[in-house]
Amino acid sequence: MSSAVRSTVTAGAVEGRSDAPSDRYDPAIIEPKWRARWETDELYRARDEADRPKWYSLTMYPYPSGTLHVGHWYAFAVPDVFARFQRMNGYNVLFPMGFDAFGLPAENAAIRHNIHPATWTFDNIDRMRAQYRQMGAMIDWSREVVTCTPEYYRWNQWIFLQMLERGLAYRAPGAVWWCPEDQTVLANEQVLEGNICERCGAEVFKRDLEQWYFRITDYADELLRELDNVDWPERVKTMQRNWIGRSEGARLRFSLETGDVLEVFTTRPDTVWGATFMVLAPEHPLVAKITTDGQRAAVEAYVEQARRETEIERMSTDATRPKSGVFTGAYALNPVTDERIPIWIADYVLMGYGTGAIMAVPSGDQRDFEFARAFDLPIRVVVQPEGVTLDPATMEEAYDGAGLLVNSGSFDGTPVPDGVPAVIAWLDEQGRAKAEVNYRLRDWLISRQRYWGTPIPVVYCDSCGMVPVPIDDLPVELPMGAEFTPTGQSPLTTHEAFLRTVCPQCGGPARRETDTMDTFVDSSWYWFRYTSPHDEERPFEPEKASAWCPVDLYCGGIEHAILHLLYARFFTKVLRDIGLVDHGEPFQRLRNQGMILAEEGTKMSKSRGTQIAPDDLVQRHGADALRLHLMYLGPWDQGGPWNSRGITGMEKFIRDSYTIVTSTARNRIDSEAGSDEEQALRRLTHQTIERVTTDLRDFQFNTMVAALIEFKNGIWPLREKPIARTAAWREAIETLVVLMAPSTPYVAEELWERLGKPYSVHTQEWPAADPALLRQDEAEIVVQINGKVREKITLPVDLSEADVRELVLGRERVREQLGDRAPARVIYVPGRLINIVVGR
RNA sequence: GCGGACGUGGCGGAAUGGCAGACGCUGCGGUCUUAAACACCGCUGGGGCAACCCGUGCGGGUUCGAAUCCCGCCGUCCGCACCA
């Protein structure tokens with residue numbers, strides 16, 4: 001509070017004067033001044049050049065939700081520090097910015113406030129852009145991308161058409177997730193545990209609808225394998241691996257007594273001798289056909305119940321729920337034993353995975369075991385572990401560990417790992433099995449029955465059927481006048497002028513596709529667009545994209561661990577196969593920031609008013625102080641509760657640095673280098689260079705700031721001493737300013753000017769620590785007796801162990817402590833400590 | 001249920017086998033001031049006059065030496081959860 005008053009008073013006082021430099025640090029003057037200068041000079045314009053190595057630093061673009069909160073700064077200002085650091089390290093840096101501007105919140109807000117989604121969105125973008133500018137980031141705004149503009153989304157349509165041509169986009173019926181609140185279908189990835197809509201939290205259910213899909217499953221294997229080649233947090237990779245869910249096994253054919261063939265997928269074909277029954281998913285197409293008359297009523301009741309549960313709680317099932325199911329009355333023949341085995345239906349078998357049917361091996365699979373026990377079905381042991389003898393009558397759980405095959409014909413005695421391929425090969429010869437790999441990953445459902453998105457560029461003609469819109473007719477523009485209140489129908493259906501068109505093939509009347517694309521399509525390639533944002537021929541120039549990409553460092557929240565990052569990887573591979581880029585992995589290095597919580601530790605919420613706005617803080621403390629404060633809260637990948645008090649400490653650091661530099665910048669240097677004091681100062685300077693450099697490189701911003709503060713604290717008392725008139729001092733303060741440049745760009749630029757150095761500090765070369773100065777001649781050695789610190793002595797580092805030992809043992813305090821006990825052992829760690837071990 | 005990460009002063013955190021608590025915040029004392037605020041200087045894990053003792057969720061282990069490594073437990077957070 002008080003500093004707000006002070007700051008305002010100072011600002012008012014200075015305004016009247018011309019440009020007499022104030023000795024008091026005032027961000028309200030410094031920050032707008034340099035921001036204007038940088039913009040005029042296009043200091044942050046990224047140029048396509050080949051002289052320096054490129055560095056593409058990308059931060060996930062924001063959704064234009066309204067106003068910024070400090071979380072936005074945390075996500076953007078901290079990567080900005082790193083981007084600046086890389087620039088000073090000699091890289092040609094691309095640090096772009098855009099807005100993920102299509103999507104449901106715009107529509108919902110528009111309905112609530114009775115304005116157009118475009119108005120809402122562009123107003124927000126204008127506001128947020130201004131807020132982002134305050135941050136002092138090195139954003140190249142000339143490359144800004146806004147996804148809801150036809151200049152951008154026409155290329156979504158272009159890519160869609162390329163994919164359609166290659167069979168990677170297709171339309172298919174199927175049971176899909178439907179959100180009753182948002183009145184649209186959702187991708188599997190957007191459905192959270194408990195069947196909750198990722199966007200609005202409503203409970204979702206399945207509906208049978210015809211929808212557009214992208215064939216991401218074609219890339220399942222590559223998406224899985226290439227995770228090994230990127231530098232990403234291990235947990236993100238694990239999440240993607242789990243999501244893709246690769247299983248190796250075989251597809252087996254079982255003959256039914258009805259003459260039908262039932263295929264199953266299994267990862268354990270070696271246990272087929274133990275398959276004592278089969279289970280179909282309730283939705284399996286064979287269910288109605290094979291059910292016997294006697295069982296029909298029970299089966300239909302169960303299927304109906306399962307369907308209802310689908311709408312309420314199915315899939316939210318946990319594995320501990322008791323198994324349920326019904327016998328169909330039908331039998332299959334076990335292909336290896338020729339036994340008749342009963343066919344059941346149960347909801348623990350999912351239609352969406354494998355073939356929607358399983359062979360049940362209760363002795364080896366816990367789920368099958370529980371089912372067999374519940375319905376009194378036979379259990380046959382086919383894998384015998386060493387040491388114990390499994391008895392079906394007394395087993396309490398399935399056994400799926402190592403062992404030898406038993407009751408398995410000619411394969412008896414085969415160890416499990418060998419049995420799997422052997423049995424597959426044997427069954428394959430007889431045409432009864434094929435090795436197969438299954439993935440949990442499903443194709444990406446991209447159509448949405450909402451308005452504020454990219455129109456899908458196809459038309460439907462009565463005579464020609466579905467016809468793609470010719471590339472030359474793009475973009476298919478989203479009409480501004482549509483009625484977009486959600487009805488469950490695509491809003492575009494009611495827009496006659498949009499809907500009615502002519503068939504590009506026959507010229508007859510045709511109807512446009514009225515679904516729009518999932519907004520994750522927009523974000524699946526936006527970083528390529530930054531490399532040639534104004535290209536009118538293609539989504540982007542392949543040469544420029546390949547020159548800048550892949551992205552060297554991608555920063556963003558962990559919440560995109562699966563959705564966005566998986567889709568983006570998929571698109572990159574598709575664009576590579578189309579021939580637009582030369583690589584398949586978009587993001588070499590990924591770093592996730594933690595989440596900034598409200599002061600009381602809960603999630604920041606707009607509605608509860610717990611969001612912290614940066615504007616106010618910038619006004620009171622300056623953007624530089626806020627940047628430092630965010631870095632200093634803790635490890636960046638950890639996040640944590642916002643703390644409004646600590647920022648004053650950062651302000652003090654800046655103010656003190658400002659005082660140090662401005663009060664000594666004009667000092668005449670009147671001593672030749674060489675005194676011990678100067679040598680010590682130079683050591684401190686170079687140790688700080690070393691610490692700041694390694695901390696920045698390792699993304700340890702909190703300790704980097706601590707190193708800067710310690711440096712300031714170290715030189716603060718010297719500013720009015722004679723040493724402030726030496727070359728070592730000059731080196732120290734110039735270094736301080738350069739080291740501050742990435743973190744506090746405004747004040748660093750101001751101080752650089754005060755030092756009389758040529759504009760701009762941000763184009764200076766990053767300093768290198770002089771190894772000769774880092775070397776210590778003397779070190780403080782900790783003297784321990786039995787591991788307890790008893791004394792600290794400063795000794796030359798090159799002293800031999802014997803000398804140190806003699807010296808230490810001769811010390812009065814040590815002799816006192818030892819008494820008449822003789823050292824049993826002495827451990828010496830050069831330059832660190834000496835531990836004298838004595839018997840007790 | 002399975003898997004992973006984490007647990008350190010009043011608070012955020014530092015230290016990843018070698019001085020626990022760097023640095024910042026808070027708090028306390030002092031200087032300045034008529035006074036207060038600001039600013040500056042100093043102190044700030046607990047106990048003890050001191051030597052010293054205790055202390056990194058709890059219990060055990062390895063080691064000359066453990067916040068750090070190993071085993072078990074407790075707690076918090078995250079991911080997965082009928083995927084055949």
Side-chain angles (χ1 to χ4, degrees), chain A residues 1-3 5-6 193 233-236 238-239 241-243 245-247 249 252 264-269 271 275 278-279 281 314-321 323 346-350 352-361 364-368 370-371 400 438-442 558 561-562 628-629 632-635 638 640-650 652-653 655-656 659 691 700 702-713 716-717 780-792 816-817 823-829 831-838:
Chain A
M1 258 323 177
S2 47
S3 58
V5 174
R6 189 162 42 83
E193 183 184 340
E234 209 44 53
R235 45 195 290 237
V236 176
T238 304
M239 282 163 78
R241 286 191 187 109
N242 289 342
W243 187 263
R246 183 179 200 269
S247 298
L252 264 62
V264 300
F265 172 74
T266 176
T267 55
R268 293 297 302 277
T271 62
M278 303 194 78
V279 187
R314 182 142 173 242
M315 309 278 290
S316 66
T317 54
D318 56 301
T320 56
R321 175 173 99 143
K323 296 283 176 287
D347 63 5
Y348 81 91
V349 176
L350 308 172
Y353 186 78
T355 64
I358 61 159
M359 65 174 204
V361 183
D365 182 285
Q366 186 58 23
R367 296 155 300 180
D368 298 346
E370 285 165 22
F371 196 81
D400 63 358
N438 245 286
Y439 296 92
R440 211 186 80 119
L441 182 70
R442 307 291 143 76
I558 187 80
I562 298 174
L628 282 181
H629 182 56
Y632 203 59
L633 281 175
Q638 203 175 291
W642 168 257
N643 166 349
S644 57
R645 283 185 306 205
I647 194 168
T648 53
M650 300 302 109
K652 177 172 153 60
F653 161 71
R655 206 170 48 234
D656 288 353
T659 302
R691 285 177 67 188
Q700 283 164 0
N702 55 335
T703 50
M704 183 273 293
V705 175
L708 287 175
I709 295 173
E710 283 179 63
F711 185 41
K712 182 275 287 180
N713 288 346
W716 172 257
E780 194 181 57
I781 306 290
V782 172
V783 180
Q784 293 183 337
I785 292 170
N786 282 343
K788 289 194 184 296
V789 180
R790 293 300 173 208
E791 201 178 0
K792 293 169 191 178
E816 215 170 81
Q817 290 281 332
R825 202 174 157 188
V826 176
I827 284 111
Y828 177 57
V829 182
R832 289 202 154 215
L833 89 159
I834 182 159
N835 187 15
I836 301 158
V837 186
V838 293

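Letters go in sequence order (proteins before strands), and every chain restarts at 1. These numbers come from a predicted model, not from an experiment.
- Comparing B:G65, B:C19, B:A84 by their closest approach to the side chain of A:Asn835 singles out B:G65.
- Side-chain N/O atoms of A:Lys712 include none lying less than 4.0 angstrom from OP1 or OP2 on B:C23.
- For A:Arg832 and B:G65, the CZ to P distance is 18 Å, given to the nearest whole Å.
- The separation between A:Ile358 atom CD1 and B:C82 atom P is 14 Å, rounded to whole Å.
- Residues A:Lys792 and A:Glu780 are not paired through a salt bridge, judged by the lack of any N-O separation under 4.0 Å between the basic side chain and the carboxylate.
- Taking atom CD on A:Glu370 and atom P on B:A84, their separation rounds to 16 Å, with Å as the unit.
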Verdict with supporting geometry, A:Arg235 and A:Ile558, side-chain contact (heavy atoms from CB on, under 4.5 Å): CA-CA 9 Å; A:Arg235 45 195 290 237; A:Ile558 187 80; 3.9 Å; yes
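- Taking the syn range as angles within 90° of 0, the glycosidic angle of B:G48 is outside it, so the base is anti.
- Atom name C1', nucleotides B:U8 and B:C23: the rounded distance is 15 Å, in whole Å.
- Closest approach to the A:Ile827 side chain among B:C23, B:G18, B:A84 is made by B:G18 (side chain taken as heavy atoms from C-beta onward).
- Contact annotation: A:Arg825 reaches the phosphate of B:C64 (side-chain N/O to OP1 or OP2, under 4.0 Å).
- Within the cation-pi definition used here (under 6.0 Å to the ring centroid, within 45° of the axis), A:Lys323 qualifies as a partner of A:Tyr348.
- Residue contacts shown for A:Asp656 are limited to sugar-phosphate atoms, with no base heavy atom under 4.0 Å away.
- Each of A:Glu710 and A:Val789 was matched to the nucleotide of RNA chain B holding its nearest heavy atom; the match closer to the 5' end belongs to A:Val789.
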Just the atom pairs and distances: protein N or O near nucleotides 42-52 of chain B's N or O, under 3.5 Å.
unit_1 : atom_1 : unit_2   : atom_2 : d
B:C52  : OP1    : A:Arg813 : NH2    : 2.6

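- For B:U26 and B:G17, the C1' atoms lie 33 Å apart once the distance is rounded to whole Å.
- With rounding to the nearest 0.5 Å, the separation of CE in A:Met704 from CZ in A:Arg691 is 11.5 Å.
- The CG-C1' distance, from A:Asn713 to B:C41, rounds to 13 Å in whole Å.
- A sub-4.0 Å separation between OP1 or OP2 of B:C40 and a side-chain N or O of A:Trp716 is absent.
- Distance, A:His629 NE2 to B:C25 C1': 9 Å, rounded to whole Å.
- Of the P atoms belonging to B:G18 and B:G12, the separation is 24 Å, rounded to the nearest Å.
- As rounded to whole Å, 15 Å separates atom C1' of B:C78 from atom CD of A:Glu234.
- Going from atom CG of A:Leu628 over to atom CG of A:Asn702 covers 12.0 Å, rounded to the nearest 0.5 Å.
- The nucleotide whose nearest atom lies closest to any side-chain atom of A:Ile562 is, among B:C78, B:C80, B:C23, B:C80.
- With rounding to the nearest 0.5 Å, the separation of CG in A:Asn242 from CG in A:Leu441 is 12.5 Å.
- Only the P atoms considered, B:A22 is 13 Å distant from B:G46, to the nearest whole Å.
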Check nucleotides 13-15 of chain B for protein N or O atoms closer than 3.5 Å to its own N or O atoms and list the pairs.
unit_1 : atom_1 : unit_2   : atom_2 : d
B:G13  : OP1    : A:Gln638 : NE2    : 3.0
B:G13  : O3'    : A:Asn702 : ND2    : 3.4
B:A14  : OP1    : A:Asn702 : ND2    : 3.0

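- Closest to the side chain of A:Lys792, from the set B:A84, B:G18, B:C19, is B:C19.
- Distance CG (A:Leu252) to C1' (B:A84): 12 Å, rounded to an integer number of Å.
- The side chain of A:Asn242 has B:C80 as its nearest neighbour among B:C40, B:C80, B:A84.
- Taking the P atom of each, B:C19 and B:U31 are spaced 38 Å apart, rounded to whole Å.
- Distance check, rounded to the nearest 0.5 Å: NZ of A:Lys712 to NZ of A:Lys652 gives 4.5 Å.
- Taking A:Arg246 as the reference, A:Asp221, A:Glu248 meet the salt bridge (Lys or Arg N to Asp or Glu O under 4.0 Å) condition, with sequence neighbours excluded.
- Taking CG of A:Asp400 as the start and OG1 of A:Thr267 as the end, the distance is 9.5 Å to the nearest 0.5 Å.
- Consecutive Watson-Crick or G-U pairing (both distances under 3.5 Å) extending over three or more pairs maps onto RNA chain B as B:1-7 with B:74-80, B:10-12 with B:23-25, B:27-31 with B:39-43, B:45-47 with B:52-54, B:57-61 with B:69-73.
- Among the candidates A:Leu350, A:Leu252, A:Asp368, the single residue satisfying the side chain to side chain contact (heavy atoms under 4.5 Å, CB included) test with A:Ile358 is A:Asp368.
- No side-chain heavy atom of A:Asn835 sits less than 4.5 Å from a side-chain heavy atom of A:Val826.
- The aromatic rings of A:Trp642 and A:His629 sit perpendicular, their planes meeting at an angle over 60°, well past the 30° parallel limit.
- Counting any heavy atom pair closer than 4.0 Å across all strands shown, A:Arg440 reaches a base atom.
- A:Val829 meets the side chain to side chain contact (heavy atoms under 4.5 Å, CB included) test with A:Ile827, A:Arg832, A:Leu833; sequence neighbours excluded.
- Among the heavy atoms of the strands lying under 4.0 Å from A:Gln784 is at least one base atom, whether or not backbone atoms are also near.
- B:C77 and B:C82: their C1' atoms are spaced 26 Å apart (whole Å).
- When rounded to the nearest whole Å, the span between CD1 of A:Ile647 and C1' of B:C23 equals 17 Å.
- Rounded to the nearest 0.5 angstrom, A:Phe711 CZ and A:Trp716 CH2 are separated by 14.5 Å.
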Can you check side-chain contact (heavy atoms from CB on, under 4.5 Å) on A:Met650 and A:Val705, steps first, answer last? CA-CA 9 Å; A:Met650 300 302 109; A:Val705 175; 4.0 Å; yes
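- Using a 4.0 Å heavy-atom distance criterion, A:Val782 is classed as a base contact.
- Listed nucleotides B:A20, B:G24, B:C23 differ in distance to A:Met650; the shortest reach to its side chain belongs to B:G24.
- Distances shorter than 4.0 Å separate none of the side-chain N or O atoms of A:Lys788 from OP1 or OP2 on B:A20.
- On the C1' atoms, B:U62 is 33 Å away from B:A51, given to the nearest whole Å.
- Rounded to the nearest Å, the gap between the P atom of B:C6 and that of B:C52 is 36 Å.
- Considering only the side chain of A:Leu833, B:G18 comes nearest among B:G24, B:G18, B:C40.
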Which protein N or O atoms sit under 3.5 Å from an N or O of nucleotides 26-33 of chain B?
none

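- Across all strands, A:Glu780 comes closer than 4.0 Å to base atoms (heavy-atom distances).
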